[in-house]
Every structure is written in structure tokens, then in C-alpha cells.
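To start, the structure under review is shown below, and the notes come after it.
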Amino acid sequence: MGLFGTQPKQEPVSAPLYEEEPFDELPTLPKAKNNTVIAQGITFTGTIRGEGSVQVEGRLEGEVDLKGSVVVASGGMVQGPITADAVRVAGDVQGSITAREHLCLERTGGIHGDVTTASLIVENGRLDGSSTMLAPPERPYQPDVVSQDLRFGDSYHLDEE
């Protein structure tokens, strides 16, 4: 074959036919986690509504209305009202809090506003406002995500599962 010669044509190769295996039902997918983290150094302005968990390490200016939990981490700040099933405050909240089932004010936390909840734990934090106790819920609170499982701070990485 010469330098400028042509290559011989190759015959097309046909793949063997694939026979699809029958199946009864599709496998179930894992339930998506509805976790939102407002990271340190981030300021979010607006309203958060929905179901899931919100963890505030940065600054949130606006209203939070969730069926789920809110964690204000040490160093985190919320300016505005919070309504959720469970609220944990280790940072600073300037606004009222309605925790339908549980509110925990940690020793590093501060709440500057009125609180309404069925269960209140104050671990030596600061509460500047009044508290109103609700009737306890009919069922104990069992979140999809346990607040101790929520990670924040320097050791938190999004790629970890």
C-alpha cells in the first residue's frame, strides 16, 4: 500500500441482540434529605418556607417558616421571626421564635424576642423576652434528621455523607 493509498473498507460489526430481563417493580430510591446550610460568611435575605432542616452558620435576614428544624450555630445570626417544629439556638436570634414542639437555647446562644413553645430548655443562654408555653404535642417529635447529626463549623464538608 502506498503512502497516499486508501484503507480497505471494514464491514460493520453488529452487536448481539440484548434481551431485556423482566422485572416486577422499580427499586425504591432513598428519600432525599432536605437540609439547607447557610454557611459562615454568607448573608441570606428573604423568606424560607417548606419542609426540612435549615442550619444557619452565617447571617439570615428574614422570616423562617418550616415544618422541620432550625439550628442557629454558634456564630450564626437570624434577624426575623422563626416558626418551626424544633429550634436549637447556639448563635444569636433577633426576633420571635415559635417552636411547635421543642426549643433549646444553648449556653452560647441569645434570643432577643418572645418565644412560644411546648418544651423549653435553657442551657445558661440569654433570653431577652417573654416565653409562652404551648400544650405538648400529641406525638413526640421525631425528626427525619437528628440535630446532633447536623454538622457545622470548620470540620463540615459537603462531600461527606
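Each residue takes its place number in the sequence, starting with 1. Only a predicted model underlies this, so the values are computations on that prediction, with no experimental measurement involved.
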Original post:
Under 4.5 Å between side-chain heavy atoms, hopping through other hydrophobics if needed: is there a path connecting Phe44 to Val54?
Top reply: yes
**OP:** Kindly give the heavy-atom pair with the smallest separation between Val87 and Ala99, and that separation in Å.
**Re:** CG2-CB, 4.0 Å
Original post:
Between Val93 and Gly80, what is the shortest heavy-atom contact and its length?
Top reply: CG1-O, 4.5 Å
Subject >> Validation row: Glu101, Ser119 side chains within 4.5 angstrom (heavy atoms) >> reply: no
**OP:** Using a 4.5 Å cut-off on heavy atoms from C-beta on, say whether the side chain of Asp92 contacts that of His112.
**Re:** yes
Original post:
Is the shortest heavy-atom distance from the side chain of Val115 to the side chain of Thr132 under 4.5 Å?
Top reply: no
**OP:** Indicate yes or no: at least one non-hydrogen side-chain atom of Ile111 is less than 4.5 angstrom from one of Asp128.
**Re:** no
**OP:** Taking the side chain as every heavy atom from C-beta outward, state whether Asp85 and Lys67 have any pair of such atoms under 4.5 Å apart.
**Re:** yes
Original post:
Do you know which of Val70, Val72, Thr36, Val71 makes side chain to side chain contact (heavy atoms under 4.5 Å, CB included) with Gln55?
Top reply: Val71
Original post:
Between Arg49 and Leu66, is any pair of side-chain heavy atoms under 4.5 Å apart?
Top reply: no
Original post:
Can you name the one residue among Ile48, Ile97, Leu103, Thr98 that meets side chain to side chain contact (heavy atoms under 4.5 Å, CB included) with Ile82?
Top reply: Ile97
Subject >> Which atom of Val37 lies closest to which atom of Glu57, heavy atoms considered >> reply: CG1-OE2, 3.7 Å
Original post:
If you measure only the distance, is there a donor-acceptor pair under 3.5 Å linking the side chains of Asp65 and Thr83?
Top reply: no
Original post:
Just by distance, with hydrogens left out, do Gln94 and Gln79 show a side-chain donor and acceptor under 3.5 Å apart?
Top reply: yes
Original post:
Quick one: OG1 on Thr117 to CE on Met133, what's the gap to the nearest 0.5 Å?
Top reply: 6.0 Å
**OP:** Write down the atom of Ala84, the atom of Gly68, and the distance for their closest heavy-atom approach.
**Re:** CB-O, 3.6 Å
**OP:** Could you give me the CA-CA distance, side-chain angles and deciding distance for Val78 and Glu61, then say whether side chain to side chain contact (heavy atoms under 4.5 Å, CB included) is met?
**Re:** CA-CA 6 Å; Val78 176; Glu61 298 171 352; over 6 Å; no
Subject >> Straight-line distance of Ser69 OG to Glu51 CD, nearest 0.5 Å >> reply: 12.0 Å
**OP:** Find out if a path of hydrophobic residues (ILVMFWY) with successive side-chain heavy-atom gaps under 4.5 Å connects Leu134 to Leu120.
**Re:** no
